[in-house]
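Report on the structure given below.
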Amino acid sequence: MPVITTIEDLRRIYARRAPRMFYDYCESGSWTEQTFRDNVSDFAGIRLRQRVAVDMEGRSTASTMIGQDVAMPVALAPVGLTGMQSADGEIKAARAAEKFGVPFTLSTMSICSIEDVAAHTTKPFWFQLYVMRDEDFVARILQRAKDARCSALVLTLDLQILGQRHKDLKNGLSAPPKPTLRTMANLATKWGWGLEMLGTKRRFFGNIVGHAKGVSDASSLTDWTAEQFDPSLDWDKVRRLKEQWGGKLILKGILDEEDARRAADVGADAIVVSNHGGRQLDGALSSIRALPGIVRAVGDQVEVHFDGGIRSGQDVLKALALGAKGTYIGRAFVYGLGAMGEAGVTRALEVIHKELDTTMALCGRKSVAALDRDILLVPEDFEGRWA
Ligand code: GLV
């Protein structure tokens, strides 16, 4: 068993183990990948204030997100095709999250279906929805999420058309992979992954296949989004979906203060500051630079969550200190999953928890609630002066 001390350790193992097509899917941003890179690198601009001689006994990272108890305010983000990174990946990730005491969010574009994940877990998870043109499909999938006792709907607002990730086109990304020469040559070197995949029936978009009509190629994310995602989604529709769902609602993909105000007006329980991991509008601001302005704009009206670029517990702490009430990890847990299955997701959560807890202590704080801007050294021009 290798000694794993960082999320980067998990990424390296994952890179060796997973088929190229799925590694690239995870590890890409759109177009030039500027926003994808900035999401990570902008965290480094923020420094921490070292404090001493503060009693650090009895610390806790426990908190709440949308009123639910969490062992630390770090949810697993919705990630498409997670069940292609490791066989039955969504079930493995959901189980690791449940045992750790953090929320798991199931993507619409998952391999394991809502029902499958519900059958293999004991606590309610969150369900992420992409709004489709087919209103019957939307109504049915919301009902399926309710029947599965999902305790929040995470509505993604920043992906009604798919940002272009060059590698996905070049690799011919699909679930399951199509047997081209190039793909087969790569799969032949990934026998550990392949053996596990042969042992499961879950190799298709489980929420879609058999549930949706009029899809020309149900294995292609690109075709599916182009044909099915509803480009007319607007704030009125968001309001209607809120009524239709009737439970806790989290609006994901907010990067602009004006949009944050609109989202708060809708009456969402939380918003997620996110640029979809740099996978949609390349050239958009990194999430961490966008966060302070959004907290100032709506932080007293709605719970502000943060997503984008988190690779350590120190990143979590910085986002919390800038006013986020909760955070999400996407790639950081996928690295763990692709490297070591459920144990790898648990390891990713442990690494982040330890970094968060230790950093909190060395900054002189004993609880998540006590984290504030005062523990940070933020460059004066951090948010940027844009005309
Ligand atoms: C969403 O499904 C994505 O690929 O970013």
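Each ligand, and each atom within it, is numbered from 1 in the order the structure gives.
A distance limit of 4.0 angstrom between heavy atoms and ligand 1 selects the residues Y25, Y130, L159, R165, L221, H276, R279.
In this structure, Y130 and H276 have parallel ring planes: the angle between them is below the 30° cut-off, well short of the 60° mark.
Inspection of the K99 and T346 side chains reveals no N or O donor paired with an N or O acceptor under 3.5 Å. Side-chain atoms of N275 and N39 include a donor-acceptor pair closer than 3.5 Å. Using modelled atom types and a 3.5 Å distance limit, the side chains of K178 and S219 yield a donor-acceptor pair.
Through chains of ILVMFWY side-chain contacts below 4.5 Å, I250 is grouped with M65, I66, V70, W126, V154, V272, Y328.
Closest approach of D307 and K252 over heavy atoms only: OD2-CE, 4.1 Å.
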